[in-house]
Structures are given as C-alpha cells and as structure tokens.
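Take a look at the structure below.
Throughout, a chain's letter reflects where its sequence line sits, starting with A, and its residues are numbered from 1.
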Amino acid sequence: MSERRYDPHEIEPRWQSVWASERTWEVDNEPLEDARTVVAPPSAYVLEMLPYPSGEPHIGHLKTYSVGDAIAHFHRRLGQRVLHPMGYDSFGLPAENHAIKTGVHPRVSTAESIASFQRQFRSWGISIDWSRELATSDPSYYRWTQWIFLELFRAGLAYRREAAVKWCPKDQTVLANEQVDADGRCERCGAIVEVRQLEQWFFRITDYAERLLNDLDTIDWPEHVKTMQRNWIGRSEGAEVTFRCQELAIDYPVFTTRPDTLFGATFFVMAPEHPDVLRLAAGTPNEQAAREYVNTSLKESNEERGNAEKHKTGVPLGRTVTNPVNGEQIPMYVADYVLMEYGTGAIMAVPAHDERDHDFAVTFGLPIRQVIAPADGSEAELPYIGDGVLINSHSDFDGISNREALAAIVSWLDREGKGHASVNYRLRDWLVSRQRYWGCPIPIVHCERCGLVPVPDEQLPVELPEIDDYLPKGRSPLAAAEDWVNTRCPNCDGPAKRETDTMDTFVDSSWYYLRYCDARNESAAWDPSALRQWMPVDQYIGGVEHAILHLMYARFFCKALADLGHLEFEEPFQALFTQGMVTKDGSKMSKSRGNVVSPASIVERVGADTARCYILFVGPPDQDADWSDEGVDGVYRFLGRLWRLAAETADRTAPAQPELSGDAGAEGDDLILLRKAHWAIDKVSGDMRRFAFNTAISAVMELLNDSSRLRESASARTLRFALGTAASLLFPFAPHTSADIYERFTGERVWEQPWPEADEALLERDVYELVCQVNGKVRDRVQASTEASPEQLKELCHAAANVRAHVDGKELVKEIVVPGKLVNLVVR
RNA sequence: GCCCGGGUGGCGGAAAUGGUGAUACGCAGUCGACUUAAAAUCGACGGCCCGCAAGGGCAUGUGGGUUCGAAUCCCACCCCGGGCACCA
C-alpha cells in the first residue's frame, strides 16, 4: 500500500469550494404560513460578535469564530436550521486615522480589510451564510441606523444638550464615559482625556436602568458579565432630602443612601460644576476663593480628581442650609469630591458615618457628630459605617436600630414634604455624537426657524459626503463639506444646515443582529416575521471586553425598539459565551511587543483544521490561552494520524458504504474499541453542551489512540466505525479533515448526518474494578460484577491480598460500600 | 478599598453531584525501532522520597476543620488575573 500523506492544502480548498459552490450554509427565512402550518424544524441563531475590519484578522478572531462555528455545526447536526451570518463593523476611528496619515480614503482601506477578512474566513472553513453579509458603513445598512436614530429622536430618547464631556485632545473628539479607561486615558489612543462643555447628542439609556438591571435575571449569561453590568448600572436605594438655603430661598435636594444618619449631617457640599455655586458665593467674602477653586477643578483631569488617595480640598461658600430634620444651620462648601453627574450634584455630609465626609471634616476642622452606635454597646471608631442603634438624634428615633430608623425617617420626611424615598443609578446617558468623518451621519437638520428637524425617512440615507481633509480641527471634518452642510429645512424649506457630527460606532453594532434576519430588505430595516423566526439570538459569542459597552447598548436598543412597537422581545442575546484572550509568552499579542501570531501564517503552515483545533484544545475556551507553536504541531500530528489511519482503513474496507455501524455481537478487542467509540460519543456530546471543547477533542484523541493500538486485532468493520465516528465527532472543530474521512468511509457528507448517539448498553459494563480501601487508603483493586450485592462486594474486598495485610489483627470498626466504586474498611 | 475569577507535574491543562494509585489528552524530555544519517513515522518510560522487588511514605498555594473518605465542602491566610473605584 502506498504511503499516504495528510495534506491540508489539498483537502481544505477542495471542501471549501464544495461549500461555496453549493451555498451549503445559507438558510432561507421560511414564509410565515409554513412556519405555522408545517411542523417547522427547530431553528437556532448562532452569532459571534462582528469583527471590526482593520488590517487582517488576528488570533482572537480565529478563536471567536472557531468557537462559534463549532456551536453552529453542532446545532445543525442536532437537526436545527441554523442562522450563522457574518458582517463588518466598518465605521470607526482607526480607518480614519489611517486616512489622515496616508490620504487613503477610509472606504478604500476598509474595503481592503474586509476583503482580507472574507478571504480568511473562507480559508478557515467557517460555515457562514454569506447571503446575509453586511457592512455597517454601507449606505444600505446605515440608512436604517439613521432611521432608528430618528425613531429614538421622535420618542424623545435621542436628545441634544450641553454637557461637560470627555474630550480626547489627540483624536479631537468627544468620548463616551465608557471609552475612557481607568487612568483617564482615551481607550483608543491613550491620550489624557480633558473635560469640555459642548452641545452633544445623547441617548436616554438611563430611562432603562431599572429594566436593564432586572432583565439580567432572564438571560443565560456568565455570572461575572451580569455582575459587571449590575455594577455599571449601580442601583442605590435611599432618599431624596431637601435642604433649604434660607438666605436665597432655594431648595437643594440631595440623594442619600443613609437617611438614618440625617441627624449627623454637619455640613453640606456642592460639586464644582453645580450651576448655583458661584451664585451662592456671590457677595460673600469667599466669592473670589470659590471662583478660583471652581476654575481649577474644572481644568483638572478626571484622573487627578478621581484619585481616592488624594486629600480632600474645598472652599466654604459662606452660606448655610437648614437640616430638615432638626432645623440646624449647616455650612455650605464646594468640593471636588462631589460629582455633578451623580445624584443632584450636592450632598449632605455626615462625617461620623462616611469616610469621605470624615476626611473632609478633619481637614477643615468641622464638627463630627456620631448618631449611630454599635448595637453591642462597644465603642465605635469613626467613621463608623456599620449598622447599629441611633443616638444623638431625636427622642422618636434614639435607641432603635438604624435599619428601622431609616424607614421611619423617610416616611416622616415624606409626610412633612421634605423628602421621599428614591433610587439612584450610576449609569449615565449615552453620549453618541462624534466630531469625526468616518461614521454614520446624524440625520438631523438645524433650521433657524424650526430648530432640530429630522430628515424625512424617504430622504434617507443621508450619505457621507466626499471630503479631502480628514484632519479633525475641533469640529467634525464634515463641516468643511459646505455643499453638503448647507441644505433646506424639510419643514419650512428655509435655509438650514446639516448636523455635522457622526454617530459613535457602538450605535451601528447595537442592532446588526436584527438586520441579519432580513439583510436584503430595501423597504424596511426588517420585516417583523423575519425577526419572529430567528430572534432572539440563541447563542452569542465574543470577548469579555464587550461585557459592558456593546452588550449594554444592544440590550438598550432592543428595549427601546420594543417600546416603539418594532420588536416583540426585549433581550437580544438569550445566551452568551465569552471567550478568553490568546496570549503569546504570557502577554497580550501586539505589534510593539513583536509577538503577534498571524492566523494566515498558521493556516499556511499546518492548515485551518489544525489551527482551529489547537485553539480549542489548548484549554477551556472561556479562559485565556497561551499560544505555543509546539502545541500546534501536536494537534497537526493528531489530525495527520487520524487521517492516515482512516485512509488506510478505508482502502482496506472499500468500497464505501453509507452506513457506519458497529458489530452487535462484537467481543474481545472489537468490543473494547466499540465501547470506546460509544464512550467518545457520549463524552463529546456532553462536552459540546458545556463548551468544553478541549476535553471533547481529547476524547477523540483517545478514540484514535485506541483505534491505532487495536488496528491489527480489531476487525476492519469496527475500525471503520471507530474512525468514522471520530471524524463525525471532530467535524465541528476540523470540518475539512472530518468531511474528507467521512466521505472515504461512507460516500456521504458528514454535515448532512445527524449527530451520533451513544448506545447506552455499550456505555455500561458488566464488570468493573472495585477499589478496596482500608482507612480510606487504596490497598488493592479487584474485578467485581455490576450485579454484585453490597455483601458480596464486602467479601471481595476482605479477600483481596493486600487488604488482608492491612486488616489482619485489627478490629473492624466500619464498612462502607459504594456500589460501582469502592469498599472502604475502617479498622483500629 | 469593594466585587468577581483562579492557584493541580518541567509546561498547557483533566478529574458533573466528595469516592480508583489525582495528574486524562497534548507539549517538552529520556530510551528504543526504521534509516548510511537526519527528518517524518512507530513503540516504550516519565509526580517526589525510601526500597532489588513486593511494598511503604509524601504530594492539588499555606494553616486549620468537617468526613470512613477532600483538588472538590467550611474557616483563616498568602499569591496571581480581571472589573469597579471619592457614585454620597
């Protein structure tokens, strides 16, 4: 027999061209009537986060799509119709920055990158329904992004206001809170972010805080991702309490989570951004100092200001407010530890029971009045944050627990009209406007007479104009395209100007999964019946880095669009899987470190099947994995051994026969191998459901090892079954090699075959190795029958030679029998 | 500081619900076969210590505990990774 060589470069393109020419992975939307009358096969929507096309795909992409493709294939073979589409998140800063540097239009460089992604996805053999492909920068897509924007605008969910916003001086654009990292740096370019007052567009995501929080309970997401979202939303229960400044006759409500400590409030603090600060200070001796303080604070970066280690600063305003519970006049301060964006921008300060207020009081020599004492009567060290009983408060409340007092005080405030129970969220409205070119234009016209006027639906899309200069100059580069900017008001036909800001790219990616369901619809963003068929996404796959931003925004879009009557569901992604990062030598791959492994070079060296299997085999896919070229070689050897043994066995058992089955009367090595094959089916099936692809692949390796060991002693038929099964089980990970092997054996296409089922009878054994322990230590092992009674098992154990050596001459205290496992004798 | 994950051989990692000698599978390593040689391939051996062996002792970050039995459960601590961080 001639030596056969495993040649992925021959095998892979051959199968890829079958899938391309037959459009194997395309699925149609069933007409609705059919879905109702015919028993429609169950469907599944398997989706990986769409890539941002910049340069070439990297290893992280390979991992995401290897995971997603395995899931998609598994669902198909379980008999489901699977929607598994692909698209590109093709608006964004990197292409624009590239354009600034090289003059190449972002559309051109993006198109090149997309072509590269397409080529590589095909070369990886990912089972994509290419008929639904989309790019968010394509007018046929962003037309509908604009339509959604206008729907939100008309509903009051998109609005414009002046705001202190995060401004990146390098990228010359506003950033969302979420795009500023922990050090106060721009997520993209790393420059220190500044604060500016600008008119900006926002989405009213805060209206949805409660629902975004509560509905987390209805979806099957990793707990840590839910936790991150919960923290981000940051719900706090408490009360809003009104403090009145008598001199100016102004009420200042504050939010507090601790109304039980109201009697301990000894001063009052406002954020530097608070619009009343200068008015309050005006005419007092502190006017000048307050003004200077506000100015310095506003210039300070968030990084400097947010540092909790920093000692407290502030300036007295020379005014007082009245504490509503006891009528005390307490002094007002302005201090930068109070944030304008949270609560009301003003706080009551209780130095005895709040660390920050305590620091401030110590620095400024303000009174500290303890109003809660530990319930056990011990002396509390201040600030005391814990629970206890009220003291120094009011005879109605002193002595009762602070939890009770909290409720009692809130209802008292409510009755007196001085406050009420309240809930606050950390979540802020989503700033969506960007002063950049390469993004979706905001379809609004500014008319001097009519104000903000939406571009009529039938005039969408508002297409991006051609410009020569992408360089941002503090305003959108679009402002330079005067022919485009100057237009007529759709309302009054008077002269008007187009909005020159573009949308944050997260807007584009907040609804793309809807568009896939009806990607070629030219008269609507989607037809409701198309969504009914596929949505919500059954399994979403992507990196944890999107745990907050993208996943929160997409959820918000669904809820808002559902409220507007466009969707019949409120959660886009029923289940989520987040895969870990791929590192090299323990650190993140990056060009500057020079440790980038390109998927293309791996595929060229060992083929896509090896690359895909390796990345799933190296460890649990939800964890980070370190790339090792030696490990890749190991997987390559495995696929090669499997393919060669299969090819050799197929030659021996030719011609191919469609059915693949074991011998019912198998015995000896045939039975051993048959059992192993069924064990592997059972193991892989379970592992697929748990995303345990690493152990699934190792189970197939075990099956191959046994097949190889028994290649001479087992029958050709059993060997054929074992190896055909191995190919069938490996198909979701190594589709080309598996399809090739399966076809050799059966002449059939493995992707058209149902997922194999394990024969229960072959999973069970009639004899097993009984573990014989003495005092919990294994002393011997004997063959036992599954049928044996506990009494018989005890006897077997007592009879074992090495057990006797440890038991003889000792007192038997206890006997523990675990049928099917072990017997443990306790002796003294 | 708070909230999540994790600590298992030289390495990546296995081990639903406590139950085989924990370390499957792969990598690296050692030895052997084939070869003029190498590569490729195939086969064998690999936790540590004592012992010729049978066997015994010690081993899942550290220290306690629960249990006939703990990588797995409980308590305390140490280390690593991630998220949030003046959110009142």
Checklist entry - A28(B) and C11(B): how far apart are their P atoms, nearest whole angstrom? => result 15 Å
Item to check | Salt-bridge contact Asp669(A)-Arg711(A) (side-chain N to carboxylate O under 4.0 Å) | outcome: no
Checklist outcome for this item: Rounded to whole Å, the CG-P distance (Asp336(A) to A88(B)) equals 18 Å
Checklist entry - Distance between the P atoms of G63(B) and U8(B), in whole angstroms? => result 16 Å
Checklist entry - For Asn705(A), which contact category applies under a 4.0 Å heavy-atom criterion: base, sugar-phosphate, or nothing? => result sugar-phosphate
Next on the checklist: Between C77(B) and G9(B), how many Å separate the two C1' atoms, rounded to a whole number?
Outcome noted: 26 Å
Next on the checklist: Determine whether Arg426(A) and Glu341(A) satisfy the following criterion, salt bridge (Lys or Arg N to Asp or Glu O under 4.0 Å), listing intermediate values before the conclusion.
Outcome noted: CA-CA 9 Å; Arg426(A) 213 191 74 111; Glu341(A) 314 93 86; over 6 Å; no
Checklist entry - So does Glu210(A) pair up with Arg235(A), basic N to acidic O under 4.0 Å? => result yes
Next on the checklist: From CZ of Arg641(A) over to C1' of C25(B), roughly how many Å is that when rounded to an integer?
Outcome noted: 11 Å
Checklist entry - Do Asp260(A) and Asn402(A) meet the criterion of a side-chain donor-acceptor pair at a distance under 3.5 Å? => result yes
Item to check | Distance between C1' atoms of A38(B) and G47(B) (Å, rounded) | outcome: 34 Å
Next on the checklist: Without decimals, in angstroms, what is the distance between Arg230(A) CZ and C84(B) P?
Outcome noted: 16 Å
Can I get a per-line list of side-chain donor-acceptor pairs under 3.5 Å for residues 543-551 of chain A, giving both atom names and the distance, sequence neighbours left out?
residue   : atom : partner   : partner atom : Å
His550(A) : NE2  : Tyr540(A) : OH           : 2.7

Item to check | Separation between the C1' atoms of U67(B) and C74(B), rounded to whole Å | outcome: 12 Å
Item to check | G56(B) and C42(B), which share atom name P, separated by this distance in whole Å | outcome: 37 Å
Checklist entry - Which part of the nucleic acid does Arg779(A) contact within heavy-atom distance under 4.0 Å: base, sugar-phosphate only, or nothing? => result sugar-phosphate
Checklist entry - Going by a 90° cut-off around 0, is G6(B) syn or anti? => result anti
Checklist entry - Taking NZ, NE, NH1 and NH2 as the nitrogens, is one of them in Lys584(A) or Asp626(A) under 4.0 Å from a carboxylate oxygen of the other? => result no
Just the table, please: protein N/O against nucleotides 10-12 of chain B N/O, every pair under 3.5 Å.
residue : atom : partner   : partner atom : Å
G12(B)  : O2'  : Val618(A) : O            : 2.8

Item to check | Whole-Å P distance, U23(B) and G5(B) | outcome: 28 Å
Checklist entry - Taking CG from Leu216(A) and C1' from C3(B), how many angstroms apart are they, rounded to a whole number? => result 15 Å
Checklist entry - Base, sugar-phosphate, or nothing: which does His806(A) touch, judged by heavy atoms less than 4.0 Å apart? => result sugar-phosphate
Checklist entry - Any side-chain donor-acceptor pair under 3.5 Å between Thr313(A) and Tyr337(A)? => result no
Checklist entry - How many Å lie between NZ on Lys777(A) and P on G69(B), as a whole number? => result 11 Å
Item to check | Whole-Å P distance, A24(B) and A15(B) | outcome: 12 Å
